[in-house]
Each structure stands twice: as structure tokens, then as C-alpha cells.
Amino acid sequence: MNDLGRLEDLPPDYVAALRAQNLVPLWPSLRAVLPPIKPLPQTRATYWSYASLRPLLLQAGALTPIEKAERRVLVLANPGHGLEKMQASPAIYLGMQLLLPGEWAPSHRHTPNAVRMIVEGEGAYTTVDGEKLPMSRGDLILTPTGLWHEHGHDGDQPVVWLDVLDLPLVHYLEASYHINGARQTVKPGAADRRYARGGMLPTPGFQRAGSAYPMLRYPWVEARAALLSLAGELAADEPVQISYVNPETGGFAQNILAFYALMLRPGQTLQLPARSPSCVFHVIEGDATVQVNDQRFTLAPADTCCAPGYTPVMLVNLSSDKPAFVFMADETPLHQKLGVYETRD
Ligand code: GTQ
């Protein structure tokens, strides 16, 4: 690789003359923006222990009333990007949100897409676009771009969920904003019952919602059953993974980030190939290690970690007699739409 000229090689008055006209020479920065062969990620493999963050999240419940927080969230921030950027990866924001019994997080809508992965507690619900969606451990609830959403809690214990948003990307695009609204009127019916079985859809023109996001809640009991049933069909070394999809189109459930559930068989080691999108792992059930380059994280239930793109990831189920279940989020739809998606050996 030939060395390119540096900024210091140029006469200071020339650089000053360029700057005065908002001009910049490319060659001193060319290798930084177009590195050879592989990107230089800012995203660092990072791990967040639920047992360690939980007391701090509960403390936030005591320190800041919901009225003063609107959304009481501790953001899982990647130090590689700088904590103040509040991003786990280029396009992924992660937050642990706490709602205490009787609390209400008022209705708003915003341009970033969100999903919730329920971590602990019973009795809370999110109302999205007028649909009241109960929250139980492992359920995935969508809050797609532009839809009204508010959170309530009728139970008697704290409820915690993991928020996954494409906020860093939408903010980078200078397209991020929110609008506050009135409490929604709840309409009857639940889409997870309209789309209850694979391969069977409501008849077009009669019962279909005609909405871009027909299914807003993916119950964990269904996802877990789908994984166990799939595991029975696949060879022992094949990855047992499902994608959360839009049941009307079969495409990813949202436009920017994709969501998956993965089952690791007892004792299974699973090597995921290097792929261009960054990825997040959150353990729903069991204990597993996630190895990213020379770093290995040990994840207990409710622990979360992230990996940069273009990096192989190895998952190991630490139990020899029980399956482990992992929720994943990545930037695949975004990379595919932009034409930059790739897999490497
Ligand atoms: O629950 O609506 O973690 O608007 C960040 C922004 C959660 C929410 C977050 C939000 C929400």
C-alpha cells in the first residue's frame, strides 16, 4: 500500500486557505474513510450483565418519578462510539426500561422504529395503534415508525423490558422526532390471534388488516414452540433459528432492523459466519458464551451483548442437558436495502 500525503505535508497557509472556503483535501483522510479490505468499526464487542444493571435500574425508579422521565430507561451504550452517543452499533440503540406498578408512560409516536423484548415481570402492557398488547417474559412487541404507543402496568412487581430501536440511524439522518398524544382508545382484537398459525392467513379482502404492520406482538410461547419443533426437523449441526416476519409479506417485521430467536441445543457450539451487519444477543433462557474475536462473554438469562459487523461470532450452550434460547437483533434489512450486505467465510 502506497503512503498517501499527510495534512502536515501541506503548507499551513494552503490548508488555512482551503478551510476558509470550507474545502478539505481528500488524500490525508482517504484511508480512514475507505480502509483496505474491511471496515474499521467503532462498535466494540460489549457485554451488559442484567444482575449488575438491575439494581441501578430499580434505583432510577426511586430517584426519578415516571412524570420526570416519560420513559425510565438505562441505555446500553457502546464505549467504542462514546457513551454519550447512546448507541450499541451504527444503527442499534438498546435500553432497559423500568415500569413500576401503577405507572403510566404516556402516549407518543416517533419516526424511529422500536421493539420491546420483555425481560421480567407480569401485568404490564403496551398499547400500540389502539391494540392493547400484554407483556410477558420473552414476548416481542413491535412499535413501528409513526404508530402511537404508551405503556401501562396493572401488576404488583416491577416490569423491565429491553428496547431495541433504530434511533442512531434515524437520528443520523436528521429524521428523528416525536409527537405527544392523548391516551389511546383501545380497540378489540389482537393480531397475534388473527395470525396464530404458520401458513394460514386471513382471507384477502375480508379479514385482513390492510396495514403495513399487521402483527404487533409475537408471544414467546409461540416462538419457543416453533424453535423446538424446528429443532426436531433439522440435523444436529444446523442452526435452529427463526426470523420475526410480517405474516402478510414474509419479509422482515420492520424495515431497518431484523429480529430473530435462536435455539442452541444442549452442548451445541454454533459458529456464525462474519456478516456485514452488527448484531445484538440477549439470552432469554439458559446460559451461553458468545465469542467475538478474542473476547468471550458468558451470558446468563437477561444478559445482553453486541458484536460489530464483518466479525465471526461463536455461540456455545453451557448446559449439556438443556437448550438455551437467544434473542437476536441485527441490521440486515438496512444492509440489504442499501446493497452493502455481505457474508464472509
Ligand atoms: O418506550 O417509547 O428506550 O420513545 C427510547 C425512546 C423507549 C418508548 C426508549 C422511546 C421509548
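Keep in mind that this is a model prediction, so the values were computed, not measured.
Residues N317 and Q268 have side chains that never bring a donor and an acceptor to within less than 3.5 angstrom of each other. Side-chain atoms of H81 and T43 include a donor-acceptor pair closer than 3.5 Å. Inspection of the E150 and Q184 side chains reveals an N or O donor paired with an N or O acceptor under 3.5 Å.
By the 4.5 Å heavy-atom criterion applied to side chains, V160 and R54 are not counted as neighbours. Residues S89 and N78 are not in side-chain contact: their nearest non-hydrogen atoms beyond the backbone lie 4.5 Å or more apart. For the pair Y172/V170, no side-chain contact is recorded, criterion being any heavy-atom separation below 4.5 Å from C-beta on. Residues P168 and P90 have side chains not in contact (no heavy-atom distance under 4.5 Å, counting atoms from C-beta outward). Here the side chains of V280 and M328 are not in contact, with every heavy-atom distance at 4.5 Å or above. Side-chain contact between H108 and H110 is present, with heavy atoms from C-beta onward closer than 4.5 Å. Counting only heavy atoms from C-beta outward, the side chains of N246 and Y195 never approach each other to under 4.5 Å. Counting only heavy atoms from C-beta outward, the side chains of R44 and Q295 never approach each other to under 4.5 Å.
To the nearest 0.5 angstrom, E131 atom CD is 10.0 Å from I141 atom CD1. To the nearest 0.5 angstrom, I92 atom CD1 is 6.0 Å from S278 atom OG. In this structure, CZ in R116 is found 13.5 Å from CG in D139, a value given to the nearest 0.5 Å. In this structure, the separation between CD on Q291 and CG on L272 is 12.0 Å, given to the nearest 0.5 Å. The CZ atom of R265 sits 15.5 Å away from atom CG of D321, with the distance rounded to the nearest 0.5 Å. Rounding to the nearest 0.5 angstrom, the gap separating the CG atom in L167 from the OG atom in S176 is 5.0 Å.
With hydrogens and angles disregarded, no donor-acceptor distance shorter than 3.5 Å links the side chain of T298 to the backbone of T289. Using modelled atom types, no side-chain atom of S243 and backbone atom of V245 make a donor-acceptor pair closer than 3.5 Å. Panel note: side chain K38, backbone T311; no donor-acceptor pair is recorded below 3.5 Å.
Ring geometry, F259 versus F327: the interplanar angle falls under 30°, so the pair is classed parallel (tilted spans 30 to 60°). Ring geometry, H149 versus H151: the interplanar angle falls from 30° to 60°, so the pair is classed tilted.
V73 and M117 sit in two unconnected hydrophobic clusters of ILVMFWY residues. Membership requires side-chain heavy atoms under 4.5 Å apart, directly or through other members. No continuous path of ILVMFWY side-chain contacts below 4.5 Å connects I242 to F281, so the two sit in separate hydrophobic clusters. Linking ILVMFWY side-chain heavy atoms closer than 4.5 Å, directly or via other members, places V326 and L140 in two distinct hydrophobic clusters. Put simply, V290 and Y47 are part of the same group of oily side chains (I, L, V, M, F, W, Y) that touch within less than 4.5 Å, one to the next. Cluster annotation: L315 and Y50 are assigned to distinct hydrophobic clusters (Ile/Leu/Val/Met/Phe/Trp/Tyr, side-chain heavy-atom contacts under 4.5 Å, transitive).
Here the closest non-hydrogen pair linking I66 and R72 is N-NH2, 3.4 Å. Smallest separation of non-hydrogen atoms from L162 and T304: CD2-OG1, 4.4 Å. Across W220 and A261, no two heavy atoms sit closer than the pair CZ3-CB, 4.2 Å. Closest heavy-atom contact between V164 and A329: CG1-CB, 4.1 Å. Residue A91 comes nearest to L334 through the heavy atom pair CB-CD2, 3.9 Å, listed as atom of the first residue, atom of the second, then distance. Of all the heavy atoms in A258 and Y260, the pair that sits closest is CB-OH, 3.3 Å.
Every residue meeting the side-chain contact (heavy atoms from CB on, under 4.5 Å) condition with N113, not counting sequence neighbours, appears here in chain and number order: P144, T145, D166, Y213, Q254, I256. Partners of L10 according to the side-chain contact (heavy atoms from CB on, under 4.5 Å) rule, which considers only residues two or more places apart in sequence or in another chain, are L7, Y14, V15, P25, W27. Checked against side-chain contact (heavy atoms from CB on, under 4.5 Å), S276 has the following partners two or more places apart in sequence or in another chain: Y310, H335, Y341, E342.
Comment: R224 engages E285 in a salt bridge, judged by a side-chain N to carboxylate O separation of less than 4.0 angstrom. Salt bridge absent: E122 and R137 never bring a charged side-chain N and a carboxylate O closer than 4.0 Å.
In this structure, R183 is positioned above the aromatic face of W104, its NZ or CZ under 6.0 Å from the six-membered ring centre and within 45° of the axis.
Heavy atoms from other residues, nucleotides or ligands lying under 6.0 Å from CZ of R71 number more than 12. By the 6.0 Å contact criterion, CD on E233 is open, its count of non-hydrogen atoms from other residues, nucleotides or ligands being 12 or less. Within a 6.0 Å sphere centred on CD of E174, other residues, nucleotides and ligands contribute 12 heavy atoms or fewer.
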